[in-house]
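Below, read A as the first sequence line, B as the second, and so on, with proteins coming before strands; counting in each chain starts at 1. In this text, all values refer to a predicted model and were calculated from it rather than measured experimentally. The basis for the numbers below is simple: all heavy atoms, side chains too, and nothing from hydrogens, waters or symmetry mates.
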Number of protein chains: 2
Amino acid sequence: MSGIKKDNTEEKILNAAQTVFIKKGMDGSRMQEIADEAGINKALLHYYFRTKQKLFEAIFKKVFKHTFPNIGEFMLSDLPIEEKLATFIEKYISLLLKNPFFPAFIIKEISRDPDFLATVIKSQGVNPNKLFEMFENEMEAGRIIRMDARDLMINILALSIFPFVAKPLINIMFFGNDKKTYNAFLKKRKESVKEFILNSILIR
Amino acid sequence: MSGIKKDNTEEKILNAAQTVFIKKGMDGSRMQEIADEAGINKALLHYYFRTKQKLFEAIFKKVFKHTFPNIGEFMLSDLPIEEKLATFIEKYISLLLKNPFFPAFIIKEISRDPDFLATVIKSQGVNPNKLFEMFENEMEAGRIIRMDARDLMINILALSIFPFVAKPLINIMFFGNDKKTYNAFLKKRKESVKEFILNSILIR
DNA sequence: CCTACTTTTAACCAATTGGTTAAATCATAT
DNA sequence: ATATGATTTAACCAATTGGTTAAAAGTAGG
């Protein structure tokens, strides 16, 4: 068997491809640039992943998994809704702080090839129905206000994700292009988004 | 002078370029495809707009202006804050409903060339400071809760824009890929976003 | 009609790009 | 050591792409 060497090279390729694809997108990336980034010959890319498309799909799936991780367990636990939401928002924004370019990458590519997205989502087994049920139970119990559960879920995602997706725009418009200030601001949003949402929906 | 003919062709090119660029982005678009869409020869594109880059910049500026229109007047008027926000959200989501692909296009391209974005924003004369002042006055007067005005502005934009930016994703995840249902849902958001925000920040 | 100018086109070009091929190098088992 | 199969490389290729050029077609004034 091959073992170490193969895995090593494959990993180098995946890392390099992720770097380049995230920065330039599928259309803007060149196989040669990925090879350079990985420190290998271009033909080796095709040896491991037959085509650019297949390499890209591998990266997209990987990044998608990281950007929309499974959160089933604790969101469906019997913790109080206030705590569930607080924990989710904190964990999720922390995740995005560690991978700030993931959301924009996903957004960029889903409008290029929406059909492929459907495949990925199905293979992920994403199923938000349980989540919606949970929200509706909380409404029934009078702990949060009545609203479309899909609106609620989209609002949570929007408030968490959007500042990362529109990072360069917001940074210029609202922060004089000062990256440190903006990063500090994003960290604080773990608190402010939580408050904003709970303020809106919690019945106290 | 040339007159009719020139304007006509230039407009045909701009329309075709917008269609193609919005669908495929700068990197994914081909000059030949734009020429075909406009029903003209490819060389004519270069006759009117010297390079692909220049043609793209013209489209980007045009779309950007439409996506972030000047809203100064009535947001700085002396209407009650509740009414200002309600009107803004309604108008803004209506605008996006008419141009649902604009936000994703802007997002896609700002991460490709953030420097160019800076130019466009500066030439637009966007200056949110007056808006922030207005929000802070409202907080001072005890009409809305205290918070970072930038958070508030970003939240409003996020809740309005995100469902359009992530359209294909949300449509698959939450709406079984049924476009009509999702469009109806987006229309209803004019109301639900307004309520969500006012619920959160209004002091009654 | 003729001249001067603008608009439009067909043909062409150099550079880039994803992908292939055949040979070289490396690793491993016997 | 050497045969075998996996890994890596340099050289190459066909197709595509943005852009150019020179000639043709259209337009308007005199």
For this session: May I ask you to verify whether the side chain of Lys52(B) and the base of dG19(D) hold a donor-acceptor pair under 3.5 Å?
Result: no

Exercise. Between Lys12(B) (NZ) and dT9(C) (C1'), how many Å, whole number?
Worked result: 13 Å

Exercise. Is a side-chain donor or acceptor of Ser200(B) paired with a backbone partner of Ile197(B) at a separation under 3.5 angstrom?
Worked result: no

Seminar exercise, completed: Among dT9(D), dT9(C), dG18(D), the one nearest any side-chain atom of Ile40(B) is dT9(C)

For this session: Check whether any side-chain nitrogen or oxygen of Thr9(B) sits under 4.0 Å from OP1 or OP2 of dT8(C), and answer yes or no.
Result: yes

Exercise. Starting at the 5' end of DNA chain C and moving along, which residue's nearest nucleotide shows up first, Gly39(B) or Asn41(A)?
Worked result: Gly39(B)

Problem set entry | Ring-ring centroid check Phe21(A) Phe105(A), cutoff 6.0 Å | no

Seminar exercise, completed: Between Gly25(B) and Lys108(B), the two heavy atoms sitting closest are N-NZ, 4.2 Å

Exercise. Where the side chain of Arg30(B) is defined as all heavy atoms beyond and including C-beta, which of dT9(C), dT17(D), dT17(C) is the nearest nucleotide?
Worked result: dT17(D)

Exercise. What is the distance from NZ of Lys42(B) to P of dT9(C), rounded to the nearest Å?
Worked result: 13 Å

Exercise. To the nearest Å, how far apart are Gln53(A) CD and dG19(C) C1'?
Worked result: 14 Å

For this session: Measure from the side chain of Tyr47(B), starting at C-beta and using heavy atoms only, and say which of dG19(C), dG19(D), dT7(C) lies closest.
Result: dT7(C)

Problem set entry | Donor-acceptor pair between Asn155(A) and Arg189(B) side chains, under 3.5 angstrom | yes

Problem set entry | Selection from dA6(D), dG18(C), dG18(D) that lies nearest to any side-chain heavy atom of Met31(B) | dG18(D)

Exercise. Among the nucleotides dT20(D), dG18(D), dT9(D), which one has an atom lying closest to any side-chain atom of Ala43(B)?
Worked result: dT20(D)

For this session: With the side chain of Leu44(A) defined as its heavy atoms from C-beta on, choose the nearest nucleotide among dG18(C), dT9(C), dT8(D).
Result: dT8(D)

Problem set entry | Length of the line joining Asp36(B):CG and dT17(D):C1', which is rounded to integer Å | 14 Å

For this session: Whole angstrom is fine here: how far is it from NE2 in His46(B) over to C1' in dT7(C)?
Result: 16 Å

For this session: Would you kindly give the CG-to-P distance between Asn8(A) and dC26(C), to the nearest whole Å?
Result: 16 Å

For this session: Inspect the contact between Asp178(B) and Lys180(B) and indicate whether a charged nitrogen and a carboxylate oxygen are less than 4.0 angstrom apart.
Result: no

Exercise. Between dA6(D) atom P and Glu10(A) atom CD, what is the distance in whole Å?
Worked result: 15 Å

For this session: Round to the nearest Å and state the distance from Lys24(B) atom NZ to dT17(D) atom C1'.
Result: 14 Å

